[in-house]
Colleague: 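This structure is in structure tokens; I'll ask about it shortly.
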Amino acid sequence: MRVRFWGVRGSIPVPGPQTNRYGGNTSCVEVRPKGATPIIIDAGTGIRKLGKLFMQSEFGDGRGVAHLLISHTHWDHIQGLPFFSPLYQQGNELHLFARQRNDMHLRAIFESQTEDPYFPVPMSTLKADIRFHELVEGQRFDIGRAKITCTRLNHPWIAMAYRIDVDGAAMVYASDTAPFTDILLEQEFIREPPILGEPIDPAKLAKLEVMRSGLVHLCRGADLLIYDTQFTQKEYCSRPHWGHSTPDDAIAIAREAGVATLALYHHAQWRSDDQQDEILHDYRAKTIGEPFELIAAHEGMELILGDDD
Amino acid sequence: MRITFWGVRGSIPAPGPETNRYGGNTSCVSIRTRTDELIIIDMGTGLMHLGNKLVKGEFGRGQGVATVLLSHCHWDHIQGFPFFPVVFIPGNRFNVYGNAKSSSMLEGILEGQMNPHFSPIYTLKNLGATIDFHAVEHGEPFEASGVRIRARPNPHGVTTALAFRVEEAGKSFVYASDVGYPDSGPSAEMLELYRGADLLLHDCTYTIDDQMTRRNRGFSSYADAASVAVTAQAKHLIMFHYDQDYSDDKVDALRDECRKELDRLGGESIGLTAAAEGTSIDL
């Protein structure tokens with residue numbers, strides 16, 4: 001399979017010369033199993049250019065089928081969807097997967113994104129056939145030959161990590177998540193960050209441990225792990241309640257799960273290309289001798305895992 | 001007054017080397033009045049970068065006051081709001097003026113943006129600053145940040161977008177982004193709002209050809225903007241809200257064509273600027 005990055009930025013798109021190399025578009029990754037229809041993970045602004053490319057193939061003739069796995073519905077993971085050109089072409093099919101909510105249908109959440117007065121074209125009027133698939137963590141399903149599994153992450157409201165096994169290889173997408181040691185982020189706004197290192201309620205701690213071991217299990221032996229590493233350690237300490245990790249957290253998971261390549265991802269909006277280079281350089285030095293390769297995802301980066309055309 | 005451009009792009013932010021010169025951030029313009037009061041027009045992603053500057057001054061200490069004028073609430077005009085750092089600082093005050101049937105409906109629209117499905121902020125109540133919402137009365141002048149402002153709605157596809165006229169000490173700045181006129185052109189009321197503006201910032205999303213094939217989207221071509229500037233006898237036209245797919249070179253070409261169109265229509269004396277992120281114009 002081929003994995004291609006279309007958006008690697010966290011929180012908000014950041015155009016400008018300082019992001020030319022890594023890219024300023026928000027989260028979007030394309031996974032292309034050998035000879036099969038594409039699987040897209042997240043629909044940040046990066047999906048716009050992917051959609052334009054798709055329109056040059058069968059999607060342009062209204063014969064395209066794509067599967068979209070959504071980690072969660074925060075803006076930076078869905079804001080590109082209304083600009084995904086294949087949706088405006090009759091005959092195309094998009095299967096959208098995301099974790100279910102108790103309070104609202106997935107379809108209603110996505111439709112509210114394009115309602116008046118926020119967007120001029122309501123999703124319900126789009127010509128493509130959009131089908132919603134509501135998931136729960138632990139669920140297993142197939143997309144063609146690809147086996148998909150998912151687990152819950154530690155992020156406000158909800159977020160899911162996905163694993164795709166196909167063509168004799170496996171990749172995992174784990175974004176957005178906070179580390180699993182300090183606080184549990186579920187359904188409440190946390191105005192005052194908790195004091196790091198203070199004792200945590202044992203019930204919460206147990207839940208965090210279950211969540212973390214679920215993620216390690218999901219990542220076990222993967223060829224590629226894409227991980228939310230938005231923060232430096234210093235940034236994390238002032239924003240532990242934002243629901244993002246540091247490279248140290250990702251490295252610990254990668255080591256435990258025995259992955260082959262770890263990709264830093266969901267770069268902070270304030271991070272310049274030079275700063276991101278420096279982070280990669282520093283952590284490469286720190287991980288000499290580790291059994292995995294450390295890379296930093298950038299727009300346009302393409303990785304080939306297992307068998308490929 | 002000093003007008004500064006923080007985001008000049010339409011519809012969706014467009015990062016990449018091809019937009020480095022004009023900028024890829026969505027709509028946001030600031031006005032500093034003669035008495036150093038702050039007016040912000042639209043809250044696209046450019047707002048974050050304005051906020052990063054403001055945080056170094058009184059807004060960083062929770063002593064800032066600003067007027068916010070919202071043309072309409074399509075995403076590209078509000079998506080910078082949750083990333084405006086000074087809105088989290090208690091003590092800062094924002095008066096938001098927008099196009100809604102009532103002030104509470106305007107608040108509800110921005111509340112919807114913070115909905116926990118979409119944002120970790122959950123609700124406007126979690127923003128530290130004090131925010132007051134005001135539904136604008138079309139055509140009725142009001143005072144804000146010590147200057148006189150008037151607003152009227154322009155047709156914008158299936159909806160409308162407010163155009164604003166801001167006047168201070170006999171000088172006038174008009175902001176008219178996101179407008180697609182009918183074949184008959186702008187209404188007499190809109191032309192009256194634009195009339196004689198020292199600076200007319202106008203929607204310039206498209207080339208003539210692109211505008212022809214996308215008329216239902218409710219945007220202007222450079223030729224529409226030139227025609228309006230000439231008819232309204234504006235002194236200077238500012239091009240704004242470029243299509244997300246237009247590279248810097250294409251915007252250069254758009255500006256050259258717009259100059260020719262102004263001259264062709266008898267507007268040789270009308271100045272022309274293609275708005276670029278990070279630049280300012282003093283009036």
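Convention: sequence-line order gives letters A, B, ...; per-chain numbering from 1.
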Colleague: Under a 4.5 Å heavy-atom cut-off, does chain B meet the side chain of A:Phe119, its backbone, both or neither?
Modeller: both
Colleague: Do the ring centers of B:His241 and B:Phe219 come within less than 6.0 Å of each other?
Modeller: yes
Colleague: Pick one of side chain, backbone, both or neither for A:Asp76, based on which atoms fall under 4.5 Å of a heavy atom in chain B.
Modeller: neither
Colleague: Go through A:Ser272 and A:Asp274 one step at a time and tell me if the side-chain hydrogen bond (donor to acceptor under 3.5 Å, both in side chains) criterion holds.
Modeller: CA-CA 5 Å; A:Ser272 70; A:Asp274 292 346; 5.3 Å; no
Colleague: Looking at A:His72, A:Gln79, A:Met104, A:His77, which one has more heavy-atom pairs under 4.5 Å with chain B than the rest?
Modeller: A:Met104
Colleague: Please flag which part of A:Gln113 lies under 4.5 Å from any non-hydrogen atom of chain B: side chain, backbone, both or neither.
Modeller: both
Colleague: Using only heavy-atom distances, determine whether the side chains of A:Asp249 and A:Thr246 contain a donor-acceptor pair under 3.5 Å.
Modeller: yes
Colleague: Between B:Pro116, B:Ala14, B:Ser11, B:Gly80, which residue shows the highest count of heavy-atom pairs closer than 4.5 Å to chain A?
Modeller: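 Most heavy-atom pairs within the cutoff with chain A belong to B:Pro116.
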Colleague: Mind ranking A:Asn20, A:Asp103, A:Asp116 by heavy-atom pairs under 4.5 Å with chain B and telling me who comes out on top?
Modeller: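 Looking at each of A:Asn20, A:Asp103, A:Asp116 in turn, A:Asn20 comes out on top.
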Colleague: Quick one: what part of B:His72 sits under 4.5 Å from any heavy atom of chain A, side chain, backbone, both or neither?
Modeller: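 Answer is neither: B:His72 stays 4.5 Å or more from chain A.
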Colleague: Check whether A:Arg9 gets within reach of chain B through its side chain, its backbone, both or neither, counting any heavy atom under 4.5 Å.
Modeller: neither
Colleague: Taking side chain as everything from C-beta outward and backbone as N, CA, C, O, which of these in B:Phe83 sits under 4.5 Å from a heavy atom of chain A? Side chain, backbone, both or neither.
Modeller: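 Only the side chain of B:Phe83 comes within 4.5 Å of chain A.
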Colleague: I'd like to verify something: which residue of B:Gly7, B:Ser119, B:Gly157 has the highest number of heavy-atom pairs under 4.5 Å with chain A?
Modeller: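 Top option by heavy-atom pairs under 4.5 Å: B:Ser119.
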Colleague: Just do the side-chain contact (heavy atoms from CB on, under 4.5 Å) check on B:Asn25 and B:Val8 with the steps written out, would you?
Modeller: CA-CA 6 Å; B:Asn25 282 297; B:Val8 301; over 6 Å; no
Colleague: What residues form a side-chain hydrogen bond (donor to acceptor under 3.5 Å, both in side chains) with B:Tyr97, not counting sequence neighbours?
Modeller: none
Colleague: Under the 3.5 angstrom rule, does the side chain of A:Glu137 hit a backbone N or O of A:Met160 as a donor-acceptor pair?
Modeller: no
Colleague: Pick from A:Pro117, A:Pro13, A:Gly24, A:Gly16: which one has the most heavy-atom pairs with chain B under 4.5 Å?
Modeller: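 Top count of heavy-atom pairs under 4.5 Å with chain B: A:Pro117.
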Colleague: Measure from the ring center of A:Tyr162 to the ring center of A:Phe97 and say whether it is less than 6.0 Å.
Modeller: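 Here the rings of A:Phe97 and A:Tyr162 have centres that are no less than 6.0 Å from each other.
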Colleague: With only heavy atoms counted, which part of B:Glu18 is less than 4.5 Å from chain A, the side chain, the backbone, both or neither?
Modeller: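 Side chain only.
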Colleague: Under 3.5 Å, is there a donor-acceptor pair between the B:Gln79 and B:Thr26 side chains?
Modeller: yes
